[in-house]
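Since the structure comes first, as structure tokens, the remarks are kept for the end.
All residue numbers in this chain count up from 1 along the given sequence. Worth saying up front: this structure is predicted, and the values here are computed from it rather than measured.
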Amino acid sequence: MAAKKLGKPLKVERYAPRPLAKKDPFGLVDSLMLIPLLVGGYMGATMLRAATGTSAGRWRPPALVGFAVLGGLLVNLVVCSWLEDYPAGKFWIVWPILSLIIAAVAVVAAVIQKLLGTAGTS
């Protein structure tokens with residue numbers, strides 16, 4: 001309809017989804033990759049609380065962000081290099097996304113731990 005109003009021909013392109021990786025014939029790695037991201041973020045906040053004995057502190061946010069960056073890198077290396085689930089050219093695009101997921105979970109867990117105390121970690 002819009003193409004007709006503008007007087008331009010309508011172009012239809014065929015969409016072909018990305019082929020599955022050889023080591024992942026069922027396409028499970030993408031969804032299973034969320035497990036270490038979510039659990040890692042929660043465990044990072046909980047281990048930091050256990051190590052410092054408090055849920056507050058000046059260095060807590062930078063420590064959680066540093067953990068998220070390293071955790072994102074580790075998951076990215078496993079999924080990209082070892083399992084070859086996505087092309088190596090996407091490595092630098094995916095790494096910040098994975099780190100952001102871990103950081104978001106870690107920050108939410110840290111806030112819950114601050115508000116609820118020890119009950120926030122169970």
Side-chain angles (χ1 to χ4, degrees):
M1 187 80 167
K4 186 177 181 181
K5 284 183 180 180
L6 294 174
K8 296 186 177 186
L10 179 64
K11 289 185 178 180
V12 179
E13 294 181 16
R14 186 179 186 127
Y15 172 74
R18 176 176 64 97
L20 295 174
K22 293 177 184 176
K23 293 184 179 180
D24 185 24
F26 300 109
L28 298 175
V29 171
D30 294 330
S31 58
L32 291 175
M33 181 172 52
L34 281 174
I35 294 171
L37 297 176
L38 299 176
V39 173
Y42 169 75
M43 290 301 295
T46 303
M47 289 187 305
L48 185 59
R49 178 179 165 80
T52 60
T54 181
S55 58
R58 166 185 256 164
W59 297 104
R60 191 169 178 81
L64 290 175
V65 169
F67 175 79
V69 169
L70 291 176
L73 175 64
L74 179 65
V75 172
N76 199 14
L77 285 172
V78 169
V79 174
C80 179
S81 301
W82 184 41
L83 296 176
E84 299 171 359
D85 187 56
Y86 54 88
K90 302 289 185 189
F91 183 88
W92 298 106
I93 296 170
V94 174
W95 182 12
I97 296 168
L98 300 179
S99 297
L100 184 61
I101 293 169
I102 294 174
V105 172
V107 167
V108 168
V111 168
I112 291 172
Q113 290 171 359
K114 175 72 176 162
L115 294 175
L116 300 179
T118 308
T121 61
S122 52

With the side chain counted from C-beta on, respond yes when [X] and [Y] share a heavy-atom pair under 4.5 Å apart, and no when they do not.
X   : Y    : answer
I97 : L100 : no
V75 : L37  : yes
L73 : F91  : yes

Specify the closest pair of heavy atoms between [X] and [Y], including all atoms of both residues, with the distance to one decimal.
X   : Y    : answer
G44 : F67  : CA-CE2, 3.6 Å
A68 : S99  : O-OG, 3.3 Å
L34 : I101 : CD2-CD1, 4.5 Å
C80 : P87  : SG-O, 4.1 Å

V108 and its side chain to side chain contact (heavy atoms under 4.5 Å, CB included) partner, picked from V111, I112, V105: I112

Do you reckon [X] sits in the same ILVMFWY cluster as [Y], going by side-chain contacts under 4.5 Å, direct or chained?
X   : Y   : result
L74 : L48 : no
V12 : Y15 : no
W92 : V79 : no
L32 : W82 : yes
L70 : W59 : no

Please answer whether the main-chain N or O of [Y] pairs with a side-chain N or O of [X] as donor and acceptor at a distance below 3.5 Å.
X   : Y   : value
R60 : A45 : yes
W95 : V69 : yes
S81 : V78 : no

dist Y42:OH -> Q113:CD (nearest 0.5 Å) comes out at 6.5 Å

Between M33 and L98, does the side chain to side chain contact (heavy atoms under 4.5 Å, CB included) criterion hold? Intermediate values first, please. CA-CA 9 Å; M33 181 172 52; L98 300 179; 4.0 Å; yes

